[in-house]
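A short write-up of the structure that comes next.
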Amino acid sequence: MSPRVRRAVVLVTAALIAFLGVGQPASAHGFTSTAYVHVTGGERDQIRTRLELEYDLLVVSAADAEGDDPLFQAGTAAFEDGDADEQAAALDAHRKAAVGYVTKRFSVTSKGAPCKPAQAGDFTMGWHEGVPYTVLTLDWDCSRGDSHEVRSELFPGTEGYVRDTKTIVTYELEGISGSAALDAAHPSFSISQSWYERFWEFFRLGAEHLLTGIDHILFLLALIVGSRRLREIVLAATSFTLAHSVTFMLAALGVVDVPGRLVEPVIALSIAVVAGWYLWRIRRRGDHATDLVTAGRGHFSLDRAGWVRLGVVFCFGLVHGLGFAGALGIDAAWSWTLLWSLLVFNVGIEAVQLGIIAVVFPLLVLVRRRAPRAGLWVSGVICAGVSVMGLLWCVQRLLES
């Protein structure tokens with residue numbers, strides 16, 4: 001393959017990957033929302049639910065669905081003013097529309113029979129990740145007693161305001177405590193569900209997040225391409241895992257709070273840096289560049305540059321952990337009820353990550369062993385495309401922040 005042809009292949013592949021990346025949302029996750037619900041026991045046969053809902057999303061959704069244009073006008077004006085008292089007052093003045101919207105899409109049943117909701121107190125305001133949230137407390141009259149089921153279809157994608165909504169539920173009821181994650185595909189759960197059902201819900205959520213988060217997949221791909229031996233990618237992946245696990249847990253439990261507008265551009269930049277690093281090493285090695293795709297010798301097969309790369313991966317892993325936590329949308333301060341769910345969510349992420357390594361890395365090694373020069377160009381082309389996409393995303397996210 002002549003130098004001119006090789007350069008053309010690199011440019012075309014990089015352009016193609018970048019083009020596909022531009023088609024993705026700059027956040028790489030799309031515009032989503034997270035609702036939070038805490039379920040506890042009330043007086044007699046009542047169940048109390050404390051719902052925390054994104055304020056401006058509730059205003060536009062309820063106004064549209066219930067045909068209450070004054071709610072939209074008052075709620076939007078209060079949102080733009082940033083006055084929490086005005087925001088709560090706007091919802092209180094139009095509680096019929098606001099509460100009606102919620103109770104048509106969120107419900108509690110007991111032994112299959114619907115429980116009757118009633119608002120307890122007025123609307124109040126709070127915050128999640130710098131976004132105003134309103135708090136709505138509902139008491140549910142459940143005359144049949146136990147076997148409660150919670151169902152949430154809040155802010156569906158069909159309304160056109162968000163792509164999808166997750167409802168994170170925590171509960172302390174009937175001597176049982178736990179958590180659940182609801183979405184359009186899995187809108188309900190039973191309070192009496194088994195531990196393995198709760199495990200599967202958050203495991204699935206973690207696996208789906210990595211599979212649909214193309215930015216994290218591309219970062220992992222850059223790590224794979226930049227590694228020569230299995231233990232080298234294991235070291236890189238382990239470093240990344242340890243780092244993002246630490247910040248994921250701290251951020252999700254509310255100990256660390258970094259705005260998404262700062263996290264997302266850095267995640268995109270990390271993709272470009274890790275992929276670009278490998279291209280820089282190819283250029284620096286010149287005629288000996290094939291050494292980068294053949295197994296080396298020594299402790300863990302890492303030279304000085306390899307150990308530096310490992311440190312960079314660890315630092316970027318810390319930032320990716322903040323992105324994982326933001327995607328899950330949990331920031332409850334040291335909620336031990338959620339700790340199990342957070343760990344399982346992380347296990348789901350790691351399972352998919354290991355699966356990708358198990359599929360991609362052996363194929364890359366096979367190409368490199370049979371044709372080192374071809375393996376070098378394959379690695380270079382992949383890294384060029386990934387690096388270009390990372391840079392484009394970084395610029396997009398900075399412009400949108």
Side-chain angles (χ1 to χ4, degrees), residues 1-21 214-240 267-298 300-314 316-317 320 353-394:
M1 184 182 293
S2 68
R4 180 175 296 178
V5 173
R6 290 177 204 163
R7 286 195 296 270
V9 170
V10 172
L11 290 174
V12 170
T13 304
L16 178 60
I17 296 177
F19 174 76
L20 294 175
I214 190 172
D215 51 355
H216 299 298
I217 291 179
L218 289 182
F219 185 85
L220 181 61
L221 186 60
L223 292 184
I224 294 173
V225 170
S227 302
R228 293 174 292 180
R229 306 179 71 170
L230 180 59
R231 57 188 175 185
E232 201 170 327
I233 182 57
V234 168
L235 273 176
T238 300
S239 176
F240 178 65
I267 289 177
L269 183 62
S270 73
I271 299 170
V273 169
V274 172
W277 187 310
Y278 185 74
L279 294 175
W280 174 77
R281 295 190 70 192
I282 290 177
R283 181 177 179 83
R284 186 182 181 190
R285 291 289 184 107
D287 294 337
H288 301 284
T290 52
D291 294 343
L292 296 175
V293 297
T294 55
R297 295 180 180 179
F300 290 123
S301 299
L302 293 180
D303 54 14
R304 181 180 177 182
W307 285 108
V308 172
R309 172 177 176 263
L310 204 61
V312 171
V313 168
F314 183 85
F316 280 136
H320 280 248
Q353 179 173 285
L354 291 175
I356 293 173
I357 293 173
V359 171
V360 175
F361 191 70
L363 294 175
L364 191 60
V365 169
L366 181 62
V367 173
R368 288 172 169 177
R369 286 182 178 177
R370 293 196 173 186
R373 179 62 62 177
L376 179 65
W377 279 101
V378 168
S379 301
V381 167
I382 292 174
C383 280
V386 171
S387 185
V388 170
M389 183 184 290
L391 289 173
L392 287 174
W393 267 342
C394 184

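The figures here come from the full heavy-atom set of this structure, side chains too, leaving out hydrogens, waters and symmetry mates. Please read these numbers as outputs of a predicted model, since none were measured by experiment.
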Can you sort out the partners of Leu269 under side chain to side chain contact (heavy atoms under 4.5 Å, CB included), two or more places apart, ordered by chain and number?
-> Val273, Cys394

Leu279: what forms a side chain to side chain contact (heavy atoms under 4.5 Å, CB included) with it, not counting sequence neighbours?
-> Cys383, Ala384

Correct closest heavy-atom pair for Pro362 and Ile357 would be CD-O, 3.4 Å

Which atoms form the tightest heavy-atom contact between Val225 and Leu364, and what is the distance?
-> CA-CD2, 3.8 Å

Who are the ring-ring contact (aromatic ring centres under 6.0 Å, His included) partners of Phe219, not counting sequence neighbours?
-> Phe240, His320

Applying side chain to side chain donor-acceptor pair (under 3.5 Å) to Ser387 and not counting sequence neighbours gives none

Verdict with supporting geometry, Gln353 and Leu220, side chain to side chain contact (heavy atoms under 4.5 Å, CB included) | CA-CA 8 Å; Gln353 179 173 285; Leu220 181 61; 3.6 Å; yes

Does the side chain of [Y] come within less than 4.5 Å of [X]'s, by heavy atoms?
X      : Y      : answer
Val386 : Tyr278 : no
Ile224 : Ile356 : yes
Met389 : Asp215 : no

Main-chain N/O of Leu235 paired with Ser239 side-chain donor or acceptor, under 3.5 Å | no

Side chain to side chain contact (heavy atoms under 4.5 Å, CB included) between Phe316 and Leu223: does it pass, once the steps are laid out?
-> CA-CA 12 Å; Phe316 280 136; Leu223 292 184; over 6 Å; no

Taken to the nearest 0.5 Å, the spacing of Ile271 CD1 from Leu392 CG works out to 11.0 Å

